[in-house]
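Below is one structure, written out as structure tokens; the observations come after it.
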Amino acid sequence: RHGNGGSAAHPRLPPGPSRLPVIGSLHHFLLFARTPLAHRAMSDLARRHAAPLMYLRLGEVQLAVASSPRAAREVLLRRRARHDHEHDAALASRPWIPSMRAAMERGAVGLVFAPHGALWRQLRRISVLELLSARRVRSFRRVREDEARRLAASLAAGAPTAGGAGGGVNVGERLFAVTTDVTMRAVVGGRFGRREEFLRAIEEGGRLIAGFSLGDMFPSWRILGFFSGTAGKVREIHRKTFELMDYAIRQHEERRRRAAMEEEEDEEILGVLLRMHKEGGLEVPLTMDIVKSLIIDLFSGGSDTSATTLEWAMSELMRNPGAMEKAQAEVRSKLQGKPSVTEDDLHDLRYLRLVIKETLRLHPALPLLLPRECTEDCKVMGYDVPKGTMVLVNAWAIGRDPEYWDDADAFRPERFEDGKIDFKGTDFEFIPFGAGRRMCPGMMFAEAIMELVLATLLYHFDWKLPGGMEPSELDMTEKMGMTVRRKNDLYLHPVIRVPVPPQIAP
Ligand code: HEM
């Protein structure tokens, strides 16, 4: 072999753990991994094999995992090289695992899973320029402020006034409720009658897709897919979510007819899409199936991720009282005397933003981002990555790599103080939102919720650990799911420091 080596017959695959017939590298996970958490197990394997780009085979599925900033850049930000015939979009599609395929092939493709091509480009453009643009995100300000005040009021209603006695609240549950309500109001409109059913269906769908069943690893063994029954379940969830979307659309249209779009509510995302659907004239027609899929994507992409990040932020602040004190001092001194936090106040909260950044570094809600698929043979870091390989980027491992981060596992928001590194997709040692063509389009939407909610929690309340627990004793174990959340719920006692105005009690 020479130079970049490799040929179609003898590809120069990236290094990685040994592979057995049939099961490939699965045994490394089943027998040797010290953790069932995929991002941690893959990080251990990559380190052990000195493989910033690592090749694995899970059953029949070929997998490449990027675990260094350079490998991530090559995967996410592909540029057409001058003497290179490779297509620069070879890694800009997402794999359709067999469990999902059944639903996808019925026209359920929105933005998240659309293959790179005309439909994806159009949905992406609409999302970035219209649905999730800075202007649209600003237009939901009242929704966010309203929901943040409700959260404060409901916490205050159950909080002791001093000392931290009382039952404690499940902070994660409250955070999921607030991000869900904001996203629901922004995306489908406030009064969605079948909210609980919708949430259950989205959660179940996410769980099935994130599960990656045996049938997904051995797609040619149809019998496994048959017994796991995942495809059938995914089809059923798809049918259910689409039926719920029909209901949301009917509700929306009735409301519009009644109120001829009252001034009080800004146009929600569903309204914008229905308008575009009716107006037509787009390169790829925006069918109702596409509208529904996109709404489901925005909703499921939007609320869990922000809530998970907020829950980790509160967990880290509880474990690091110095950072908590600093963040609270900032918000209380900037807001002095105000009844509640508004978005005008957020501009001054520099440390709060550093807290969110540091949380995203240590706890990216999607530690392996969302998978990409290699749609044609391509080269990454000089290695051959065969067509059909699923490509993951371990943003979690990269964010904790001691080569790039001092005291990498410590929570130190100050490390971002000089403003040199940001999550906007150009600093590849910090990519919680991904980078390149398929980078998260909901970043501004997420930042707006996260900053306001965190500032509200820190402004009105002091927080105490239950049962006299020491900060260092707070368990930080993770759990796999659609996002990587805390394994154990975070229970804390809120103690009111700045009263929540009574007129906004829930
Ligand atoms: C803390 C909050 C969030 C995090 C950490 C996050 C993270 C991510 C990541 C890692 C990706 C994949 C990027 C890639 O493949 O390079 C992604 C994609 C996506 N996100 Fe987010 N996200 C968040 C919030 C949101 C919100 C609020 C929305 C919408 C309301 C949203 C909608 C999407 C969509 C539609 C995609 C798919 C884009 C495409 O494939 O072209 N996300 N997000």
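Sequential numbering from 1 along the given sequence is applied to the chain's residues. Counting starts at 1 for both ligands and their atoms, following the listed order.
Counting atoms of ligand 1 from 1 in the listed order, those under 4.0 Å from a heavy atom of Leu132 are 30 (C). Residue Ala435 approaches ligand 1 through these ligand atoms, each under 4.0 Å from one of its heavy atoms: 16 (O). The ligand atoms of ligand 1 that sit less than 4.0 angstrom from a heavy atom of Arg372 are 14 (C), 15 (O), 16 (O). Residue Thr309 approaches ligand 1 through these ligand atoms, each under 4.0 Å from one of its heavy atoms: 1 (C).
In terms of protein heavy atoms, atom 37 (C) of ligand 1 is closest to Val112 CG2, 3.8 Å. Taking atom 10 (C) of ligand 1 as the reference point, the nearest protein heavy-atom neighbour is Pro432 O, 3.4 Å. In terms of protein heavy atoms, atom 35 (C) of ligand 1 is closest to Leu111 CD2, 3.7 Å. Of the protein's heavy atoms, Arg94 NH1, 2.9 Å lies nearest to atom 15 (O) of ligand 1. Closest protein heavy atom to atom 13 (C) of ligand 1: Arg438 O, 3.2 Å. Atom 29 (C) of ligand 1 has as its closest protein heavy atom Leu298 O, 3.8 Å.
Judged by the 6.0 Å and 45° rule, Arg94 forms no cation-pi pair with Phe113. The cationic group of Arg400 does not satisfy the cation-pi geometry with Trp405, failing either the under 6.0 Å distance to the six-membered ring centre or the 45° limit from the ring axis.
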- Query: Between Tyr55 and Tyr383, does a ring pair (Phe, Tyr, Trp, His ring centres under 6.0 Å) hold up when you go through it step by step?
  - Reply: CA-CA 10 Å; Tyr55 180 80; Tyr383 294 109; over 10 Å; no
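Ring pair Tyr247/Phe198: centre-to-centre distance not below 6.0 Å.
When heavy-atom distances to ligand 1 are checked against a 4.0 Å cut-off, Pro364 has no atom that comes that close, whether in backbone or side chain.
The salt bridge (Lys or Arg N to Asp or Glu O under 4.0 Å) with Glu130 is formed by just one residue from the set Arg124, Arg125, Arg136; it is Arg136.
At a threshold of 4.0 Å, the pair Lys240-Glu197 counts as salt-bridged, since one of the basic side-chain nitrogens sits closer than that to a carboxylate oxygen. Using a cutoff of 4.0 Å between basic side-chain nitrogens and carboxylate oxygens, Arg255 and Glu268 are scored as salt-bridged.
Of all protein N/O/S atoms, those under 2.8 Å from atom 21 (Fe) of ligand 1 are Cys440 SG, and waters are not counted.
Remark: Glu478 pairs with Arg40 by the salt bridge (Lys or Arg N to Asp or Glu O under 4.0 Å) rule, at least two apart or across chains. Partners of His39 under the ring pair (Phe, Tyr, Trp, His ring centres under 6.0 Å) rule, at least two apart in sequence or in another chain, are Trp396.
The local environment of CG in Asp418 is crowded, with over 12 non-hydrogen atoms from other residues, nucleotides or ligands closer than 6.0 Å.
Annotation: Arg124 places an N or O atom under 3.5 Å from an N or O atom of ligand 1; distance criterion only. On a distance-only criterion, Trp120 and ligand 1 share at least one N/O pair closer than 3.5 Å.
Side chain of Asp427 to backbone of Asp422: a donor-acceptor contact under 3.5 angstrom is found.
The ring-ring contact (aromatic ring centres under 6.0 Å, His included) pairs that include a residue from residues 347-381 are Trp312-His363, where partners are two or more places apart or lie in different chains.
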